[in-house]
Amino acid sequence: MPRYLITSALPYISDAKHLGNLVGSMLPADVYARFLRLRGEDVLYICATDEHGTPAELAALNAGLEVSEYCRKQHAVLKGLCEGFFLAFDHFGRSSSPQNHELTKHFADMLERNGLIEERTTQQMFSVAENRFLPDRYVVGTCPHCGYTGARGDQCENCTNLLEPGDLIEPRSSVSGSTELEMRETKHLFLRQSLMTDRLRAWIEQHEDWPVLVRSIALKWLDEGIKDRSITRDLKWGIPVDRPGFENKVFYVWFDAPIEYIGATKEWSDAHPAGRDWKSWWVDPADVRYVQFMAKDNIPFHTVTFPATIMGSGEPWKLVDFVKGFNWLNYYGGKFSTSGKRGVFMADALELLPADYWRYQLMANAPEGADATFTWEIFADTVNKDLADTFGNFVNRVVKLVAMHFEAKVPAYGEATTEENDLLEGLREHGGALTASLESLQFRKAVQSLKAMWASGNIYLDRTAPWKSIKADRDAAGHVLAVSINLIRVFATASLPFIPDTGARVLRALRIGPGSSRWLPGDFSSELRLATAGSPVDDPGVLFKKVLPEDVAAWSARFAGSERR
RNA sequence: GCCUCGGUAGCUCAGUGGUAGAGCAGGGGACUCAUAAGCCCUUGGCCGCAAGUUCAAAUCUUGCCCGAGGCACCA
């Protein structure tokens with residue numbers, strides 16, 4: 001039986017995380033991890049904050065804090081938000097951890113030893129006023145092609161021409177506005193990944209099962225020719241480079257961030273060294289299936305750069321087996337905007353409604369095949385129709401009927417009816433499809449099957465109409481309700497990967513702890529007789545309240561942001 | 001500019017060679033246990049445009065139009 005290693009792209013430390021960030025990596029990884037755990041699989045789900053780089057330094061400066069202190073605080077904030085969304089990481093680490101420092105240096109050493117590191121001198125824009133080298137995009141000025149005055153040093157977003165910072169007319173720092181800029185020479189280490197082109201191509205091409213999005217981006221990079229890549233930066237905050245002449249340099253954040261997948265696993269292991277062995281997950285494990293989750297902007301780094309680091313080490317580190325890439329979630333057809341406060345952020349969301357509302361809606365509309373759109377109208381429809389009317393109401397009507405006519409206890413079972421055969425067929429079909437979709441990481445399809453399962457309960461109830469039969473044949477009505485109580489258990493179990501809080505709450509009401517629940521069987525025939533006749537059934541209360549038209553109006557206005565679309 | 005992906009019912013999307021599908025919204029009906037919920041029935045589409053291949057095209061090819069994204073030192 002394989003063990004499953006799951007990682008989601010590391011959220012960057014300085015940005016507020018919006019719903020698109022959540023649904024693009026951490027949430028689907030959590031749904032997958034929960035599904036596998038319910039099936040009894042051995043799962044390790046690892047995530048961490050990505051803490052290095054220029055934006056973190058600038059954000060700390062802005063907040064008037066030391067970078068280390070800023071990151072410590074932000075990490076705690078993000079960790080709290082993740083917990084609020086029930087993201088059940090085995091460990092949520094930090095790329096600034098000692099473990100990652102050690103591993104990053106180790107990889108650099110191995111690459112050096114294998115002749116894959118080269119010192120090169122480059123020209124970089126330096127801001128005298130700020131005493132800092134500026135990454136290309138932090139230099140702005142007038143585009144030499146179209147005259148646009150807000151062009152960035154890497155690309156003009158007006159005419160889309162690619163630029164070098166030196167091309168800009170009247171360049172200035174986008175951080176301070178200072179025009180006191182000059183090109184300075186600086187030495188950097190380059191990873192000679194061009195030498196690994198053939199190995200990378202062979203490796204990528206063997207993974208024919210990867211999503212089109214992932215393969216096409218990876219192969220595009222190879223087709224254009226892999227370029228050697230600088231893996232150091234002129235910054236103070238980061239992992240120092242132990243090398244003469246590199247005293248004021250650190251490793252590039254994109255070099256050390258993916259290594260933190262391993263680093264975080266070691267953090268996890270170091271916390272309880274007796275029972276945990278990080279190397280068994282990462283060093284030449286024969287039985288580990290490694291699945292990564294990320295949004296599409298991360299794909300080149302996970303399919304080219306990081307594998308180049310791993311391969312180049314010459315050591316048997318685990319390479320990814322499956323890359324699940326996501327497109328963007330848009331907000332009313334435009335982008336979520338961190339700076340413009342446009343769209344819904346994780347903290348906002350939890351303030352409005354419990355996490356399960358968001359988890360379900362986001363997974364139901366996940367940007368899997370193409371970019372997807374979040375609107376409050378769609379949100380309200382999905383929550384109201386699926387969660388409140390279909391699932392919530394099914395639970396409610398069964399619980400109310402049992403309370404009213406059977407003293408809130410599971411009634412006695414009778415003979416199976418023809419309606420029950422149809423029900424079983426539906427459970428087999430939709431349950432099987434749900435399992436298959438989750439196995440193959442097709443989340444939208446999975447939600448459709450979950451919803452179809454829930455609906456089959458309402459169909460069964462309507463066809464058997466226990467509120468009617470109770471008058472003439474109490475036993476027949478009792479049987480239907482006993483079966484329905486088992487259905488609630490099946491539905492709640494199936495919902496656990498998506499809405500773990502509500503699912504567990506329903507199981508508690510049925511006096512079945514989440515710990516004793518397991519995933520769906522292939523055959524449900526014995527499943528509908530599991531609840532013991534006479535055992536109590538609590539009312540879990542209203543599972544999901546509806547999103548009202550006035551909520552939609554208020555929230556649309558509140559989150560429209562400062563930017564015009 | 002180059003490349004990738006997409007354009008299917010009012011909306012969100014599934015469907016990769018063989019008589020157009022789902023959910024939601026809209027319309028009708030029977031019911032009443034329930035968060036006016038659920039259930040049954042139903043209206044609705046030159047499958048972006050044009051040409052080609054084929055006995056047969058939403059599906060394959062080419063061109064065009066429209067949208068989104070990638071193009072490596074921004075994380």
Next on the checklist: Looking only at the side chain of A:Leu401 (C-beta and beyond, no hydrogens), which of the listed nucleotides B:C33, B:A75, B:U12 gets closest?
Outcome noted: B:C33
Checklist entry - Is the A:Tyr261-A:His302 ring centre distance short of 6.0 angstrom? => result yes
Item to check | Between B:A34 (P) and A:Asp462 (CG): distance, integer Å | outcome: 13 Å
Next on the checklist: Taking the minimum atom-to-atom distance to the side chain of A:Tyr252, which one of B:A75, B:U12, B:U35 wins?
Outcome noted: B:A75
Next on the checklist: Using whole Å, what does the distance between atom C1' of nucleotide B:U32 and atom CG of A:Leu461 come to?
Outcome noted: 12 Å
Next on the checklist: Suppose you measure atom C1' in B:U53 against the same atom in B:U62; what distance do you get, rounded to whole Å?
Outcome noted: 11 Å
Next on the checklist: Measuring only the C1' atom in each nucleotide, how far is B:A25 from B:U61? A whole number of Å is fine.
Outcome noted: 38 Å
Item to check | Closest heavy-atom pair and its distance - A:Asp551, A:Lys546 | outcome: OD2-O, 4.2 Å
Next on the checklist: Using atom P in both nucleotides, what's the gap between B:A14 and B:A72 to the nearest angstrom?
Outcome noted: 30 Å
Item to check | Complementary nucleotide for B:A37 - Watson-Crick or wobble, under 3.5 Å | outcome: none
Checklist outcome for this item: Of A:Trp467 and A:Ile226, the one whose closest nucleotide on RNA chain B sits nearer the 5' end is A:Trp467
Find every protein N or O atom lying less than 3.5 Å from an N or O atom of nucleotides 22-24 of chain B, and list the pairs.
| unit_1 | atom_1 | unit_2 | atom_2 | d |
| --- | --- | --- | --- | --- |
| B:G23 | O2' | A:Lys451 | NZ | 2.5 |
| B:C24 | O2' | A:Asp381 | OD2 | 3.4 |

Item to check | Pairwise side-chain contact, A:Thr502 with A:Phe544, heavy-atom cut-off 4.5 Å (strictly under) | outcome: yes
Checklist entry - What nucleic acid atoms does A:Trp221 come within less than 4.0 Å of, heavy atoms only: base, sugar-phosphate, or nothing? => result base
Checklist entry - At under 4.0 Å between heavy atoms, what does A:Ile470 touch on the DNA or RNA strands: base, sugar-phosphate, or nothing? => result nothing
Checklist entry - For B:C13, does OP1 or OP2 lie under 4.0 Å from any side-chain N or O of A:Lys445? => result no
Checklist entry - According to the interplanar angle, ranging from 0 to 90°, do the rings of A:Trp358 and A:Trp376 count as parallel (below 30°), tilted (30 to 60°) or perpendicular (above 60°)? => result perpendicular
Checklist entry - Which nucleotide sits closest to the side chain of A:Lys468: B:A75, B:U32, B:A72? => result B:U32
Checklist entry - Should B:U54 form a Watson-Crick or G-U wobble pair with both distances under 3.5 Å, which nucleotide is its partner? => result none
Checklist entry - When all nucleic acid strands are considered with a 4.0 Å heavy-atom cut-off, which category describes A:Ala257: base, sugar-phosphate, or nothing? => result nothing
Next on the checklist: Nearest to the A:Arg229 side chain among B:A72, B:A37, B:C33, which nucleotide is it?
Outcome noted: B:A72
Checklist entry - In terms of side-chain heavy atoms of A:Trp254, which of B:A75, B:A34, B:G15 is nearest? => result B:A75
Checklist entry - Whole-Å distance between B:U4 C1' and A:Ile204 CD1? => result 15 Å
Checklist entry - What integer number of Å spans the C1' atoms of B:U32 and B:G15? => result 38 Å
Item to check | For atom CZ of A:Phe301 and atom C1' of B:A72, their distance in whole Å | outcome: 6 Å
Checklist entry - Looking for any heavy atom pair under 4.0 Å, which part of the strands does A:Pro55 touch: base, sugar-phosphate only, or nothing? => result sugar-phosphate
Checklist entry - Picking from B:A34, B:C40, B:U35, which would you name as closest to the side chain of A:Ile459? => result B:C40
Checklist entry - Looking for any heavy atom pair under 4.0 Å, which part of the strands does A:Phe133 touch: base, sugar-phosphate only, or nothing? => result nothing
Item to check | Least distance between heavy atoms, A:Ala308 atom then A:Leu111 atom | outcome: O-CD2, 4.4 Å
Checklist entry - Using a distance-only test with no angle check, is there a side-chain donor-acceptor pair under 3.5 angstrom linking A:Lys187 and A:Thr232? => result no
Next on the checklist: Just to be sure I understand the rule, does A:Asp297 reach a base, reach only the sugar-phosphate, or reach nothing, if contact means heavy atoms closer than 4.0 Å?
Outcome noted: base
Next on the checklist: Looking only at the side chain of A:Ala455 (C-beta and beyond, no hydrogens), which of the listed nucleotides B:C39, B:C33, B:G69 gets closest?
Outcome noted: B:C39
Checklist outcome for this item: By nearest-heavy-atom nucleotide on RNA chain B, the more 5' of A:Arg463 and A:Asp228 is A:Arg463
Next on the checklist: Counting the atoms with a prime plus P, OP1 and OP2 as sugar-phosphate, which does A:Val253 contact under 4.0 Å by heavy atoms, base, sugar-phosphate, or nothing?
Outcome noted: sugar-phosphate
Checklist entry - Atom CD1 of A:Ile299 to atom P of B:A68: distance rounded to whole Å? => result 19 Å
Checklist entry - Side chains of A:Tyr357 and A:Leu352: does their closest heavy-atom pair fall under 4.5 Å? => result no
Next on the checklist: Nearest whole Å is fine: how far is B:A75 P from A:Trp237 CH2?
Outcome noted: 15 Å
Item to check | Closest non-hydrogen atom pair between A:Thr464 and A:Tyr460, with its separation | outcome: OG1-O, 2.7 Å
Item to check | No-hydrogen, no-angle side-chain donor-acceptor test under 3.5 Å, A:His75 and A:Thr49 | outcome: yes
Next on the checklist: When the P atoms of B:G6 and B:A56 are compared, how many Å lie between them, rounded to an integer?
Outcome noted: 26 Å
Item to check | Separation of the P atoms in B:C31 and B:U16, to the nearest angstrom | outcome: 43 Å
Checklist outcome for this item: Winner on side-chain proximity to A:Arg444, out of B:U35, B:U32, B:U12, is B:U12
Next on the checklist: Work out how far the C1' atom of B:G21 is from that of B:G45, and round it to whole angstrom.
Outcome noted: 11 Å
Next on the checklist: When you measure only distances, ignoring hydrogens and angles, does the side chain of A:Lys227 come within 3.5 Å of the base of B:A72 through a donor and an acceptor?
Outcome noted: yes
Checklist outcome for this item: Side-chain contact check for A:Asn393: nearest option of B:A34, B:C39, B:U35 is B:A34
Checklist entry - Relative to each other, are the rings of A:Phe326 and A:Phe293 parallel, tilted or perpendicular (30° and 60° limits)? => result parallel
Item to check | B:U59 to B:U54 separation - C1' atoms, rounded to the nearest Å | outcome: 13 Å
